[in-house]
Amino acid sequence: MGRSDARASSHEYGHEAQERLWWNPLTWTRRIWLIVFTVIILIVVAVVGAVVGVRATRGGDDGIDDSYPDYFKLNYTLADTYSGTTFFDKFTYFRDVDPARGHVHYVDPEYAGWFNLTYATEATAIVKVDTTVGPGDEPDASTGRFTVRLESKTQYGPGLFLFDVKHTPHGCATWPALWLADPNNWPFNGEIDIMEAVNQATTGNLMALHTTEGCTMENVRRELTGVPGQGDCHNATNYNTGCTVTGPPATYGAEFNRGGGGIVALEWRREGIRVWVFPRGSASAVTKLPGIGDGAPDPSTWGTPLADFPATRCDMDKHFRNQSIIVNIDLCGYFTEAVWESSGCSPKTCRDYVTETPSAFKDAYWEFGAFQVWQAA
Ligand SMILES: *[C@@H]1O[C@H](CO)[C@@H](O)[C@H](O)[C@H]1NC(C)=O
Ligand SMILES: *[C@@H]1O[C@H](CO)[C@@H](O)[C@H](O)[C@H]1NC(C)=O
Ligand SMILES: *[C@@H]1O[C@H](CO)[C@@H](O)[C@H](O)[C@H]1NC(C)=O
Ligand SMILES: *[C@@H]1O[C@H](CO)[C@@H](O)[C@H](O)[C@H]1NC(C)=O
(Lines give C-alpha, C1' and ligand atoms only; values in the text may rest on other atoms or scores of the structure.)
(Ligands and ions follow the chains in the order given, each with its own letter.)
Protein backbone atom coordinates (compact mmCIF):
# COMPACT_ATOMS: atom_id res chain seq x y z
CA MET A 1 0.00 0.00 0.00
CA GLY A 2 1.46 3.40 -1.06
CA ARG A 3 1.72 6.32 1.24
CA SER A 4 -0.88 8.35 -0.68
CA ASP A 5 -3.40 5.49 -0.52
CA ALA A 6 -2.97 5.37 3.23
CA ARG A 7 -3.59 9.05 3.42
CA ALA A 8 -6.68 8.74 1.24
CA SER A 9 -8.18 5.98 3.32
CA SER A 10 -7.42 7.85 6.51
CA HIS A 11 -9.80 10.54 5.30
CA GLU A 12 -12.67 8.23 5.87
CA TYR A 13 -11.95 8.26 9.59
CA GLY A 14 -12.71 11.98 9.77
CA HIS A 15 -10.94 15.26 9.96
CA GLU A 16 -8.85 14.42 13.03
CA ALA A 17 -7.06 11.61 11.18
CA GLN A 18 -5.59 14.03 8.67
CA GLU A 19 -3.56 15.59 11.46
CA ARG A 20 -2.17 12.24 12.49
CA LEU A 21 0.92 10.60 11.05
CA TRP A 22 -0.24 7.16 9.83
CA TRP A 23 3.12 5.52 10.47
CA ASN A 24 3.24 6.62 14.09
CA PRO A 25 1.10 4.39 16.32
CA LEU A 26 1.24 7.00 19.09
CA THR A 27 -1.10 9.16 17.01
CA TRP A 28 -3.66 6.34 16.19
CA THR A 29 -7.28 6.55 17.29
CA ARG A 30 -9.03 3.66 19.10
CA ARG A 31 -10.74 2.82 15.85
CA ILE A 32 -7.45 2.37 13.97
CA TRP A 33 -6.10 0.27 16.81
CA LEU A 34 -9.18 -1.94 16.58
CA ILE A 35 -8.73 -2.44 12.82
CA VAL A 36 -5.02 -3.27 13.19
CA PHE A 37 -5.80 -5.65 16.03
CA THR A 38 -8.55 -7.39 13.98
CA VAL A 39 -6.20 -7.84 11.00
CA ILE A 40 -3.54 -9.41 13.24
CA ILE A 41 -6.10 -11.82 14.73
CA LEU A 42 -7.28 -12.84 11.24
CA ILE A 43 -3.70 -13.53 10.14
CA VAL A 44 -3.02 -15.64 13.26
CA VAL A 45 -6.24 -17.65 12.73
CA ALA A 46 -5.39 -18.23 9.06
CA VAL A 47 -1.84 -19.43 9.82
CA VAL A 48 -2.90 -21.73 12.68
CA GLY A 49 -5.79 -23.09 10.57
CA ALA A 50 -3.43 -23.88 7.68
CA VAL A 51 -0.95 -25.68 9.93
CA VAL A 52 -3.66 -27.77 11.64
CA GLY A 53 -5.26 -28.55 8.26
CA VAL A 54 -1.99 -29.81 6.80
CA ARG A 55 -1.33 -31.95 9.89
CA ALA A 56 -4.83 -33.46 9.74
CA THR A 57 -4.44 -34.46 6.09
CA ARG A 58 -1.08 -36.01 6.92
CA GLY A 59 -2.78 -38.04 9.68
CA GLY A 60 -0.59 -36.58 12.37
CA ASP A 61 -3.52 -35.21 14.38
CA ASP A 62 -6.66 -37.24 13.63
CA GLY A 63 -8.04 -37.05 17.16
CA ILE A 64 -6.93 -40.61 18.06
CA ASP A 65 -5.22 -41.00 21.41
CA ASP A 66 -1.99 -42.68 20.30
CA SER A 67 -1.09 -43.99 23.74
CA TYR A 68 -1.50 -47.74 24.16
CA PRO A 69 -1.29 -49.89 27.29
CA ASP A 70 1.68 -52.17 27.89
CA TYR A 71 0.16 -55.65 28.04
CA PHE A 72 3.32 -57.02 29.64
CA LYS A 73 3.70 -60.67 30.61
CA LEU A 74 1.88 -61.61 33.82
CA ASN A 75 2.76 -64.69 35.84
CA TYR A 76 -0.48 -66.62 35.94
CA THR A 77 -1.30 -69.47 38.30
CA LEU A 78 -4.35 -71.71 38.03
CA ALA A 79 -7.05 -70.48 40.42
CA ASP A 80 -10.10 -72.54 39.44
CA THR A 81 -11.22 -75.33 37.09
CA TYR A 82 -14.68 -76.33 35.89
CA SER A 83 -14.60 -79.85 34.49
CA GLY A 84 -15.90 -83.40 34.60
CA THR A 85 -19.07 -84.66 36.25
CA THR A 86 -19.04 -81.87 38.86
CA PHE A 87 -18.95 -79.12 36.22
CA PHE A 88 -22.47 -77.87 37.02
CA ASP A 89 -22.03 -77.99 40.81
CA LYS A 90 -20.12 -74.73 40.60
CA PHE A 91 -23.12 -72.84 39.17
CA THR A 92 -26.46 -71.59 40.43
CA TYR A 93 -29.44 -71.95 38.10
CA PHE A 94 -31.08 -68.58 37.47
CA ARG A 95 -34.82 -68.85 38.12
CA ASP A 96 -36.31 -65.38 37.53
CA VAL A 97 -38.29 -63.99 34.63
CA ASP A 98 -35.86 -63.37 31.76
CA PRO A 99 -34.55 -59.78 31.95
CA ALA A 100 -33.94 -59.93 28.17
CA ARG A 101 -37.65 -60.69 27.58
CA GLY A 102 -37.09 -64.01 25.85
CA HIS A 103 -39.75 -66.68 25.24
CA VAL A 104 -38.26 -69.01 27.85
CA HIS A 105 -38.57 -70.44 31.33
CA TYR A 106 -35.21 -70.69 33.06
CA VAL A 107 -35.47 -73.90 35.08
CA ASP A 108 -33.85 -75.18 38.29
CA PRO A 109 -31.42 -78.15 38.51
CA GLU A 110 -34.25 -80.62 39.11
CA TYR A 111 -36.13 -79.69 35.92
CA ALA A 112 -32.84 -79.39 34.05
CA GLY A 113 -32.17 -83.01 35.09
CA TRP A 114 -35.62 -84.27 34.06
CA PHE A 115 -35.39 -82.56 30.67
CA ASN A 116 -31.67 -83.37 30.34
CA LEU A 117 -30.80 -79.70 29.76
CA THR A 118 -27.51 -79.88 31.66
CA TYR A 119 -25.51 -83.04 31.26
CA ALA A 120 -21.90 -83.73 32.25
CA THR A 121 -19.46 -86.61 31.74
CA GLU A 122 -15.75 -86.79 32.56
CA ALA A 123 -14.99 -85.25 29.16
CA THR A 124 -17.78 -82.81 28.38
CA ALA A 125 -20.50 -80.58 29.78
CA ILE A 126 -23.59 -79.97 27.65
CA VAL A 127 -26.14 -77.16 28.03
CA LYS A 128 -29.31 -77.49 25.95
CA VAL A 129 -32.80 -76.12 25.44
CA ASP A 130 -35.79 -78.47 25.52
CA THR A 131 -36.48 -80.16 22.18
CA THR A 132 -39.40 -82.34 23.27
CA VAL A 133 -42.40 -80.16 24.17
CA GLY A 134 -44.62 -79.35 21.18
CA PRO A 135 -48.09 -77.95 20.42
CA GLY A 136 -50.03 -81.10 21.45
CA ASP A 137 -48.36 -81.42 24.85
CA GLU A 138 -49.80 -80.56 28.25
CA PRO A 139 -48.40 -78.15 29.26
CA ASP A 140 -47.14 -76.87 25.91
CA ALA A 141 -44.45 -74.24 25.29
CA SER A 142 -46.86 -71.39 24.55
CA THR A 143 -45.57 -69.38 27.52
CA GLY A 144 -41.92 -70.15 26.72
CA ARG A 145 -39.58 -73.08 26.19
CA PHE A 146 -37.49 -74.61 29.00
CA THR A 147 -33.85 -73.57 29.03
CA VAL A 148 -31.11 -72.77 31.56
CA ARG A 149 -28.99 -69.86 32.63
CA LEU A 150 -26.00 -70.81 34.78
CA GLU A 151 -24.15 -68.32 36.98
CA SER A 152 -20.91 -69.34 38.68
CA LYS A 153 -21.10 -69.29 42.47
CA THR A 154 -17.59 -67.85 42.59
CA GLN A 155 -17.13 -64.26 41.52
CA TYR A 156 -13.77 -63.27 40.09
CA GLY A 157 -11.49 -60.30 39.82
CA PRO A 158 -9.11 -59.78 36.89
CA GLY A 159 -7.57 -62.88 35.34
CA LEU A 160 -7.14 -65.08 32.32
CA PHE A 161 -10.26 -67.15 31.57
CA LEU A 162 -9.85 -70.11 29.21
CA PHE A 163 -12.88 -71.91 27.77
CA ASP A 164 -12.72 -75.15 25.83
CA VAL A 165 -15.76 -74.71 23.56
CA LYS A 166 -16.62 -77.78 21.45
CA HIS A 167 -20.00 -76.65 20.10
CA THR A 168 -21.82 -73.31 20.00
CA PRO A 169 -25.66 -73.15 19.85
CA HIS A 170 -27.25 -71.68 16.74
CA GLY A 171 -30.50 -71.63 14.77
CA CYS A 172 -33.44 -69.26 14.31
CA ALA A 173 -34.74 -67.83 17.62
CA THR A 174 -31.62 -68.69 19.63
CA TRP A 175 -29.69 -66.07 21.58
CA PRO A 176 -26.87 -67.91 23.37
CA ALA A 177 -24.10 -66.27 25.33
CA LEU A 178 -20.98 -67.05 27.35
CA TRP A 179 -20.26 -63.97 29.44
CA LEU A 180 -19.12 -62.45 32.70
CA ALA A 181 -21.22 -60.14 34.89
CA ASP A 182 -22.19 -59.44 38.47
CA PRO A 183 -25.91 -60.23 38.23
CA ASN A 184 -26.73 -58.35 41.43
CA ASN A 185 -24.84 -55.18 40.55
CA TRP A 186 -25.50 -54.54 36.90
CA PRO A 187 -24.28 -52.39 35.17
CA PHE A 188 -22.23 -50.98 38.08
CA ASN A 189 -19.80 -53.91 38.18
CA GLY A 190 -19.72 -54.28 34.39
CA GLU A 191 -20.40 -57.04 31.89
CA ILE A 192 -17.95 -58.76 29.54
CA ASP A 193 -19.52 -60.70 26.65
CA ILE A 194 -17.09 -63.32 25.36
CA MET A 195 -19.24 -65.37 22.95
CA GLU A 196 -22.61 -64.24 21.67
CA ALA A 197 -24.72 -64.55 18.51
CA VAL A 198 -28.37 -64.64 17.48
CA ASN A 199 -30.52 -66.70 15.09
CA GLN A 200 -28.50 -68.50 12.41
CA ALA A 201 -25.25 -67.05 13.76
CA THR A 202 -23.53 -66.70 10.39
CA THR A 203 -22.04 -63.27 11.02
CA GLY A 204 -19.33 -64.19 13.52
CA ASN A 205 -18.80 -63.95 17.25
CA LEU A 206 -19.95 -60.76 18.98
CA MET A 207 -17.83 -59.53 21.88
CA ALA A 208 -18.84 -56.53 24.01
CA LEU A 209 -18.45 -54.59 27.22
CA HIS A 210 -21.37 -53.00 29.05
CA THR A 211 -20.66 -50.43 31.77
CA THR A 212 -21.88 -47.35 33.55
CA GLU A 213 -20.95 -43.98 32.06
CA GLY A 214 -17.30 -43.12 31.40
CA CYS A 215 -15.86 -46.13 29.57
CA THR A 216 -15.28 -45.75 25.85
CA MET A 217 -13.19 -47.13 22.98
CA GLU A 218 -13.88 -44.05 20.82
CA ASN A 219 -10.73 -42.41 19.38
CA VAL A 220 -8.51 -44.93 21.12
CA ARG A 221 -5.67 -46.90 19.54
CA ARG A 222 -6.50 -50.63 19.45
CA GLU A 223 -4.75 -53.73 18.14
CA LEU A 224 -7.24 -56.36 17.00
CA THR A 225 -8.24 -58.53 14.05
CA GLY A 226 -12.02 -58.23 14.61
CA VAL A 227 -14.21 -55.38 13.41
CA PRO A 228 -15.08 -52.71 16.00
CA GLY A 229 -18.69 -51.51 16.24
CA GLN A 230 -20.03 -48.91 18.67
CA GLY A 231 -17.27 -47.38 20.80
CA ASP A 232 -19.20 -46.21 23.86
CA CYS A 233 -19.60 -48.98 26.45
CA HIS A 234 -22.20 -47.08 28.52
CA ASN A 235 -25.34 -49.20 28.94
CA ALA A 236 -27.63 -46.21 28.32
CA THR A 237 -26.19 -45.50 24.84
CA ASN A 238 -28.32 -46.96 22.04
CA TYR A 239 -30.35 -49.26 24.26
CA ASN A 240 -27.43 -51.06 25.87
CA THR A 241 -25.60 -51.91 22.64
CA GLY A 242 -22.29 -51.73 24.49
CA CYS A 243 -18.88 -51.29 22.88
CA THR A 244 -18.59 -54.16 20.43
CA VAL A 245 -16.20 -56.13 18.23
CA THR A 246 -17.33 -58.76 15.71
CA GLY A 247 -15.18 -61.67 14.57
CA PRO A 248 -15.26 -63.44 11.19
CA PRO A 249 -17.94 -66.15 10.58
CA ALA A 250 -15.56 -68.96 11.62
CA THR A 251 -15.50 -67.64 15.21
CA TYR A 252 -19.06 -68.75 16.08
CA GLY A 253 -21.84 -71.08 14.87
CA ALA A 254 -21.87 -73.88 12.32
CA GLU A 255 -18.50 -72.95 10.82
CA PHE A 256 -16.81 -72.84 14.25
CA ASN A 257 -18.45 -76.12 15.28
CA ARG A 258 -17.43 -77.94 12.09
CA GLY A 259 -13.80 -78.00 13.17
CA GLY A 260 -14.67 -79.12 16.71
CA GLY A 261 -14.78 -75.58 18.10
CA GLY A 262 -11.69 -74.27 19.80
CA ILE A 263 -10.18 -72.50 22.78
CA VAL A 264 -11.61 -69.13 23.68
CA ALA A 265 -9.46 -66.92 25.90
CA LEU A 266 -10.39 -63.77 27.78
CA GLU A 267 -7.69 -61.72 29.45
CA TRP A 268 -9.11 -59.11 31.83
CA ARG A 269 -6.51 -56.90 33.52
CA ARG A 270 -5.90 -53.31 34.54
CA GLU A 271 -4.40 -52.54 31.09
CA GLY A 272 -7.47 -53.71 29.20
CA ILE A 273 -9.63 -56.62 28.08
CA ARG A 274 -8.76 -58.87 25.15
CA VAL A 275 -10.36 -61.95 23.56
CA TRP A 276 -8.80 -64.62 21.34
CA VAL A 277 -10.61 -67.46 19.55
CA PHE A 278 -8.22 -70.28 18.59
CA PRO A 279 -9.86 -72.84 16.27
CA ARG A 280 -9.16 -76.44 17.16
CA GLY A 281 -6.37 -78.05 15.17
CA SER A 282 -5.15 -74.77 13.72
CA ALA A 283 -1.53 -73.74 13.96
CA SER A 284 -2.50 -71.01 16.44
CA ALA A 285 -0.99 -70.59 19.85
CA VAL A 286 -3.46 -72.51 21.98
CA THR A 287 -5.39 -75.48 20.64
CA LYS A 288 -6.03 -77.20 23.97
CA LEU A 289 -6.13 -76.13 27.59
CA PRO A 290 -2.81 -76.29 29.42
CA GLY A 291 -2.40 -79.48 31.44
CA ILE A 292 -0.18 -80.30 34.38
CA GLY A 293 3.43 -79.61 33.44
CA ASP A 294 2.58 -77.40 30.46
CA GLY A 295 3.48 -74.23 32.35
CA ALA A 296 1.36 -71.12 32.63
CA PRO A 297 -0.36 -69.65 29.56
CA ASP A 298 1.23 -66.41 28.36
CA PRO A 299 -1.01 -64.16 26.24
CA SER A 300 1.92 -61.82 25.58
CA THR A 301 3.11 -64.47 23.08
CA TRP A 302 -0.25 -65.02 21.37
CA GLY A 303 -0.19 -62.22 18.84
CA THR A 304 -2.96 -59.83 17.89
CA PRO A 305 -6.24 -60.70 19.62
CA LEU A 306 -9.66 -60.88 17.97
CA ALA A 307 -10.96 -58.14 20.29
CA ASP A 308 -9.09 -55.44 22.19
CA PHE A 309 -10.66 -53.07 24.70
CA PRO A 310 -7.68 -51.07 26.03
CA ALA A 311 -7.97 -49.13 29.29
CA THR A 312 -6.89 -45.87 27.60
CA ARG A 313 -10.27 -44.21 28.17
CA CYS A 314 -11.83 -46.80 30.50
CA ASP A 315 -10.74 -47.38 34.09
CA MET A 316 -10.98 -51.17 34.21
CA ASP A 317 -10.64 -51.39 38.01
CA LYS A 318 -13.57 -49.02 38.43
CA HIS A 319 -15.89 -50.51 35.80
CA PHE A 320 -15.31 -54.26 36.27
CA ARG A 321 -15.56 -56.16 39.54
CA ASN A 322 -16.94 -59.37 41.07
CA GLN A 323 -17.65 -61.18 37.80
CA SER A 324 -19.52 -64.49 37.63
CA ILE A 325 -19.13 -66.77 34.61
CA ILE A 326 -22.55 -67.00 32.95
CA VAL A 327 -23.71 -69.49 30.32
CA ASN A 328 -27.21 -69.31 28.88
CA ILE A 329 -29.34 -69.99 25.82
CA ASP A 330 -32.15 -67.50 25.48
CA LEU A 331 -34.86 -67.84 22.82
CA CYS A 332 -36.32 -64.72 21.17
CA GLY A 333 -35.89 -61.63 23.38
CA TYR A 334 -35.30 -58.08 22.23
CA PHE A 335 -32.01 -58.65 20.36
CA THR A 336 -33.10 -61.80 18.50
CA GLU A 337 -36.50 -60.37 17.56
CA ALA A 338 -34.99 -57.05 16.38
CA VAL A 339 -33.07 -58.91 13.65
CA TRP A 340 -35.55 -61.77 13.14
CA GLU A 341 -36.46 -60.85 9.55
CA SER A 342 -32.99 -59.70 8.48
CA SER A 343 -31.63 -63.03 9.80
CA GLY A 344 -33.87 -64.83 7.30
CA CYS A 345 -36.04 -66.42 9.97
CA SER A 346 -39.60 -65.26 9.08
CA PRO A 347 -42.49 -65.84 8.15
CA LYS A 348 -43.58 -67.11 11.61
CA THR A 349 -42.99 -64.80 14.54
CA CYS A 350 -40.08 -65.75 16.76
CA ARG A 351 -42.41 -66.68 19.63
CA ASP A 352 -44.68 -68.88 17.50
CA TYR A 353 -41.62 -70.58 16.05
CA VAL A 354 -40.31 -71.39 19.53
CA THR A 355 -43.70 -72.63 20.74
CA GLU A 356 -44.47 -74.78 17.71
CA THR A 357 -41.13 -76.18 16.54
CA PRO A 358 -39.30 -78.18 19.24
CA SER A 359 -37.29 -80.07 16.62
CA ALA A 360 -35.74 -76.80 15.44
CA PHE A 361 -33.50 -76.64 18.51
CA LYS A 362 -31.35 -79.72 17.95
CA ASP A 363 -28.28 -77.54 17.28
CA ALA A 364 -29.12 -75.18 20.12
CA TYR A 365 -26.60 -76.58 22.58
CA TRP A 366 -23.30 -75.64 24.13
CA GLU A 367 -20.71 -78.36 24.53
CA PHE A 368 -17.72 -77.55 26.67
CA GLY A 369 -14.54 -79.32 27.62
CA ALA A 370 -13.35 -77.47 30.71
CA PHE A 371 -13.06 -73.89 31.92
CA GLN A 372 -9.92 -72.62 33.64
CA VAL A 373 -9.47 -69.39 35.59
CA TRP A 374 -5.89 -68.18 35.92
CA GLN A 375 -4.89 -65.26 38.11
CA ALA A 376 -1.71 -63.23 38.30
CA ALA A 377 0.49 -63.99 41.28
C1 LIG B 1 7.23 -63.00 36.66
O2 LIG B 1 8.21 -63.88 37.17
C3 LIG B 1 9.54 -63.55 36.76
C4 LIG B 1 10.48 -64.67 37.22
O5 LIG B 1 10.27 -64.95 38.57
C6 LIG B 1 9.90 -62.18 37.35
O7 LIG B 1 11.19 -61.82 36.92
C8 LIG B 1 8.89 -61.15 36.85
O9 LIG B 1 9.15 -59.91 37.45
C10 LIG B 1 7.48 -61.59 37.18
N11 LIG B 1 6.55 -60.68 36.53
C12 LIG B 1 5.59 -60.04 37.18
C13 LIG B 1 4.77 -59.10 36.37
O14 LIG B 1 5.39 -60.16 38.37
C1 LIG C 1 -28.84 -86.43 27.79
O2 LIG C 1 -28.12 -85.69 26.81
C3 LIG C 1 -26.86 -86.25 26.47
C4 LIG C 1 -26.14 -85.27 25.56
O5 LIG C 1 -26.93 -84.86 24.49
C6 LIG C 1 -27.08 -87.61 25.83
O7 LIG C 1 -25.82 -88.17 25.51
C8 LIG C 1 -27.81 -88.49 26.82
O9 LIG C 1 -28.09 -89.74 26.24
C10 LIG C 1 -29.10 -87.83 27.25
N11 LIG C 1 -29.70 -88.60 28.33
C12 LIG C 1 -30.94 -89.03 28.25
C13 LIG C 1 -31.43 -89.81 29.40
O14 LIG C 1 -31.66 -88.79 27.30
C1 LIG D 1 -28.59 -48.55 32.28
O2 LIG D 1 -28.29 -48.63 33.64
C3 LIG D 1 -29.08 -47.80 34.46
C4 LIG D 1 -28.53 -47.88 35.86
O5 LIG D 1 -27.31 -47.22 35.90
C6 LIG D 1 -30.52 -48.22 34.37
O7 LIG D 1 -31.32 -47.38 35.14
C8 LIG D 1 -30.97 -48.18 32.92
O9 LIG D 1 -32.27 -48.70 32.81
C10 LIG D 1 -30.03 -48.97 32.05
N11 LIG D 1 -30.41 -48.78 30.65
C12 LIG D 1 -30.43 -49.77 29.75
C13 LIG D 1 -30.92 -49.42 28.41
O14 LIG D 1 -30.05 -50.89 30.01
C1 LIG E 1 -17.54 -57.69 45.67
O2 LIG E 1 -17.86 -58.85 46.41
C3 LIG E 1 -17.41 -58.80 47.75
C4 LIG E 1 -17.62 -60.17 48.37
O5 LIG E 1 -18.94 -60.60 48.14
C6 LIG E 1 -18.13 -57.69 48.48
O7 LIG E 1 -17.70 -57.60 49.82
C8 LIG E 1 -17.84 -56.37 47.78
O9 LIG E 1 -18.61 -55.34 48.36
C10 LIG E 1 -18.18 -56.46 46.30
N11 LIG E 1 -17.71 -55.26 45.63
C12 LIG E 1 -18.47 -54.53 44.81
C13 LIG E 1 -17.88 -53.30 44.30
O14 LIG E 1 -19.60 -54.85 44.50
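What you see is a predicted model; the values in this text were computed from it and never measured. Order of appearance sets the numbers: ligands from 1, and atoms from 1 within every ligand.
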So if I apply the ring pair (Phe, Tyr, Trp, His ring centres under 6.0 Å) rule between Tyr82 and each of Phe91, Phe163, Phe161, which one comes out positive? Phe91

Indicate, with yes or no, whether the SG-to-SG separation of Cys215 and Cys314 is under 2.5 Å. yes

List for me each residue that meets ring pair (Phe, Tyr, Trp, His ring centres under 6.0 Å) alongside Tyr106, sequence neighbours excluded, and say none if there are none. Phe94

For Phe115, what residues pass the ring pair (Phe, Tyr, Trp, His ring centres under 6.0 Å) criterion, not counting sequence neighbours? Phe146

Should we say atom CZ of Arg221 is surrounded by more than 12 heavy atoms from elsewhere, each under 6.0 Å from it? yes

Does Asn189 reach ligand 4 with a nitrogen or oxygen that is under 3.5 Å from one of the ligand's nitrogen or oxygen atoms? yes

Any side-chain hydrogen bond (donor to acceptor under 3.5 Å, both in side chains) pairs touching residues 359-372, not counting sequence neighbours? Gln372-Trp374

Taking Asp108's backbone N and O only, do any of them form a donor-acceptor pair with Glu110's side chain (distance below 3.5 Å, no angle check)? no

For ligand 1, find out whether one of its N or O atoms is nearer than 3.5 Å to an N or O atom of Lys73. no

Any atoms of ligand 4 less than 4.0 Å from a non-hydrogen atom of Asn322? List them with their elements. 1 (C), 2 (O), 3 (C), 8 (C), 10 (C), 11 (N), 12 (C), 14 (O)

Cys pair Cys345/Cys350: SG distance under 2.5 Å? no

Which of the numbered atoms in ligand 4 are under 4.0 angstrom from any heavy atom belonging to Arg321? 13 (C)

Sort out the contact shell of ligand 3: every protein residue with a heavy-atom distance below 4.0 Å, listed by chain and number. Trp186, Pro187, Phe188, Asn235, Asn240

